[in-house]
Q: 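Quick one: this structure, given as structure tokens, is what I'll be asking you about.
Each chain gets a letter, A, B and so on, in the order the sequences are listed, and its residues count up from 1.
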Number of protein chains: 2
Amino acid sequence: MKTIKEIAEAANVSTGTVDRVIHNRPGVSPKTRERVKAVLDKYNFQKNIIASTLAFKKELTIATLIPFSNSSKEFWNEPKRGIIVASNEIQKYGVDTKHYYFNQFSPESFIESFNKILDLNPNAVLISPIFYKTTIKLIKELETKNIPYIFINTDIALQQNISFIGQNSYQSGFLSGKILSQVLSEEKTILIVRSRKNIDSHQAIDSRIKGFIDYNQLHTPSRNIKHLTIESFATNEIKRKLTNEFLCNNLIKGIFVPSSYAYKIANVLCNLNLKSIKLLGYDVHKLNIDYLNHEIIDFLIEQEPFEQGYKGVKILFEYLLFKKKPNRTYNSPINIIVKENIEFVENHSENVLN
Amino acid sequence: MKTIKEIAEAANVSTGTVDRVIHNRPGVSPKTRERVKAVLDKYNFQKNIIASTLAFKKELTIATLIPFSNSSKEFWNEPKRGIIVASNEIQKYGVDTKHYYFNQFSPESFIESFNKILDLNPNAVLISPIFYKTTIKLIKELETKNIPYIFINTDIALQQNISFIGQNSYQSGFLSGKILSQVLSEEKTILIVRSRKNIDSHQAIDSRIKGFIDYNQLHTPSRNIKHLTIESFATNEIKRKLTNEFLCNNLIKGIFVPSSYAYKIANVLCNLNLKSIKLLGYDVHKLNIDYLNHEIIDFLIEQEPFEQGYKGVKILFEYLLFKKKPNRTYNSPINIIVKENIEFVENHSENVLN
DNA sequence: CTGAAAGCGCTTACAG
DNA sequence: CTGAAAGCGCTTACAG
């Protein structure tokens, strides 16, 4: 491995000039630039990143923006933990991180935090773009400022984000359709429960439902699928509406909840003593885990949210420091979690490297 | 963050002395040592690892020892890839890696490669200790030389390995029991197929079978479970023996293969036109994937083998450079893979960060 | 036992 | 446009 000094000697210039060429900085005559480039290429020069970060004193800053979680029981606590762990790792290499949060049910709070990031003027941004229209509008600011950004968890097509890390929602719904079809014969009815809140914000929910329905149309076409929309996830409302459903239709043997709120349904099923209903939901967090362990919730679909946060920060870090171009998409796995493997869900407990 | 220079000033010594104290090197009077330590503690000094690795020119070497894989289709190709990716990452920080392989059916080849590692005299070793007795014997050499080592994939209790990364085999068998029980009612017979080859080497296989049987005893106690042992995984032998089984016992509706060779059984099931048999095996590799996509294999249990190799190297790296003590055990997840989520298995395709 | 100084491979004012 | 030199924060011979 050649050093800058050796390159400089070979090209008959000073190390300062080599540095200018390597980083495409101005102040080098075209002729010299070409000569140095040729030597650089000849030896396939790779700069020593250790020496580089030691000498480079300007701090790099990465900003992150995800929904806040009130407690470790919630879904968003995992991406948050991934972000924090990655941040601690890259701190050693002189990269600073600032974390911003927003209320996942309030576009206004998203805007507010986003503006703080614009004021900070970081070198790169990680965003969970839950609000479609709001994001589209705000993201332009990053683009005019030439700040690279990455999306996690939710993707928004046609943006200039350098990468996306998250699950293929349609396919996860399709898989959910298969799982319930394996345990419920075709004459059993399945109920899909969603909330209005979700309708406004998460496109992911739509895709999950579409995948679920498509699976059934393909493989169990005669299955009856019913839909239930609730205003919120308030226990009373769920209880009343579910009771109605079961009175009208006692063929319902399975429930598909395409959001992280399966535990709310599970709670009501316990109440109504309907524990044999097969219940499939999304996301591994404390509230869901409790019902999974009692097999009120039978299946959870998991997407390694810790990894989404962790990988997102790491990708930005390598992009900034090593100019490493990431893939356009990193698909999170679609993991099937049941009582018997919940204990080993990645990074769920203290199973963390750093 | 204080620097060594600042600590030196505060303690009224030179930076060399501070360095000696930090690294517990000899040549410092007890009195001075205490004084410096006090200042170090007072400011909670953390050394700048960047500057440290730049100045530290002695190369660190990590050796790895896993079964070789002839092609990217085999299981061991994934831990190998994880090891390579991690090795490339830590190369930047001046850590060298040497990779050794052995034939997973030949203890002799294990010994041969192990001896090469002893000759190399590396700073740390990653091992997949497939052969119980052989490992026990050889590992002592590492201990007398005071070389730290880590196990991946297979654990051997009571050794001085600093960490183990792998799946809980018993629990994975228990989960397999549940999966087949969900899709096969209790009166259906299940066949467990294992090979002699495995009996000699893998304790993991025993644990998987035990877990599988325990689940059934607990939840479907009246289920009939049959055992079939084959000498090798030669197609002809499998075909003959399976034919016998199905002639004698046409209640067999499920097969549990507690190794990565489910594709060999799948091949024969295709031949015999017994595609409706539910077949569950282990490990995601090309040969199994093909049968999973055609739903001849219905389920595969996966353990994120890429991650085992990757994490193993990273843990040794952090142990050597930052003196970071790893957990005793990192449990690999027990992932359920079916046709509908195979595409998104972690790191399966080019879904890799580095 | 202790310190002064050179050096690791880059980056960055500064001078010309 | 270009180079000489100082400096990033450690580590390591070397001298005393």
Q: Could you let me know what dA4(D) is paired to, Watson-Crick or G-U wobble, both distances under 3.5 Å, or none if it's on its own?
A: none
Q: Rounded to the nearest angstrom, tell me the gap between atom CD1 in I4(A) and atom C1' in dA4(D).
A: 15 Å
Q: Would you say a side-chain N or O of R20(B) is under 4.0 Å from OP1 or OP2 of dG3(C)?
A: no
Q: Contact class for R33(B) vs. all strands (heavy atom < 4.0 Å): base, sugar-phosphate, or nothing?
A: nothing
Q: Are K80(A) and F75(A) in a cation-pi setup, meaning NZ or CZ lies under 6.0 angstrom from the ring centre and within 45 degrees of the ring axis?
A: no
Q: Give the rounded distance in Å between these two atoms: CD1 of I50(A) and P of dG9(C).
A: 12 Å
Q: Would you kindly give the CD-to-P distance between E9(B) and dA4(C), to the nearest whole Å?
A: 11 Å
Q: Taking pairing as Watson-Crick or G-U wobble with both contacts under 3.5 Å, can you name the mate of dA13(C), or confirm there isn't one?
A: none
Q: Ignoring the backbone of S14(B), work out which of dG9(D), dA4(C), dA13(C) is nearest its side chain.
A: dA4(C)
Q: May I ask you to evaluate whether T17(B) reaches the phosphate of dT2(C), defined as a side-chain N or O under 4.0 Å from OP1 or OP2?
A: no
Q: Between K2(B) and Y43(B), is NZ or CZ placed under 6.0 angstrom from the six-membered ring centre and within 45° of the ring axis?
A: yes
Q: Side chain of T3(A) only, heavy atoms from C-beta on: which candidate in dG9(C), dA13(D), dC1(D) is closest?
A: dG9(C)
Q: Distance from L65(A) atom CG to I117(A) atom CD1, nearest 0.5 Å?
A: 4.5 Å
Q: Nearest whole angstrom, please: distance from the P of dC1(C) to the NZ of K31(B).
A: 12 Å
Q: Which nucleotide in the list dT12(C), dG9(D), dT2(D) gets nearest to the side chain of F56(A)?
A: dT12(C)
Q: Of all the nucleotides listed (dG7(C), dC1(C), dG9(C)), which has the minimum atom distance to the side chain of A55(A)?
A: dG9(C)
Q: Which residue lies toward the 5' end of DNA chain C, T53(A) or V13(B), if each is placed at its nearest nucleotide?
A: V13(B)
Q: Rounded off to whole Å, could you give me the CG-to-C1' distance for the L40(B) and dC10(D) pair?
A: 13 Å
Q: In whole angstrom, what separates N12(B)'s CG from dC1(C)'s P?
A: 19 Å
Q: Separation of E6(A) atom CD from dC10(C) atom C1', in whole Å?
A: 13 Å
Q: With respect to the phosphate group of dT2(D), does any side-chain polar atom (N or O) of S29(A) fall under 4.0 Å of OP1 or OP2?
A: yes
Q: Rounded to the nearest 0.5 Å, how far does NZ of K116(A) lie from CD1 of I111(A)?
A: 13.0 Å
Q: Counting only heavy atoms not in K31(B), do more than 12 sit closer than 6.0 Å to its NZ atom?
A: no
Q: Heavy atoms under 4.0 Å, any strand shown: does L54(A) hit a base, just sugar-phosphate, or nothing?
A: base
Q: May I have the distance from K5(B) (atom NZ) to dG3(C) (atom P), rounded to whole angstrom?
A: 15 Å
Q: Among dT2(C), dT12(D), dC10(D), find the nucleotide with the atom closest to the side chain of N48(B).
A: dC10(D)
Q: Let's see if you can work this out: which of dC1(D), dC10(D), dT2(C) has an atom nearest to the side-chain heavy atoms of T32(A)?
A: dC1(D)
Q: Assuming nearest nucleotide by heavy-atom distance, tell me which of A51(A) and P30(B) is located more 5' along DNA chain C.
A: P30(B)
Q: Between R81(B) and E78(B), does any NZ, NE, NH1 or NH2 come within less than 4.0 Å of an OD or OE carboxylate oxygen?
A: yes
Q: Nearest of dC10(C), dT2(C), dA5(C) to any side-chain atom of K47(A)?
A: dC10(C)
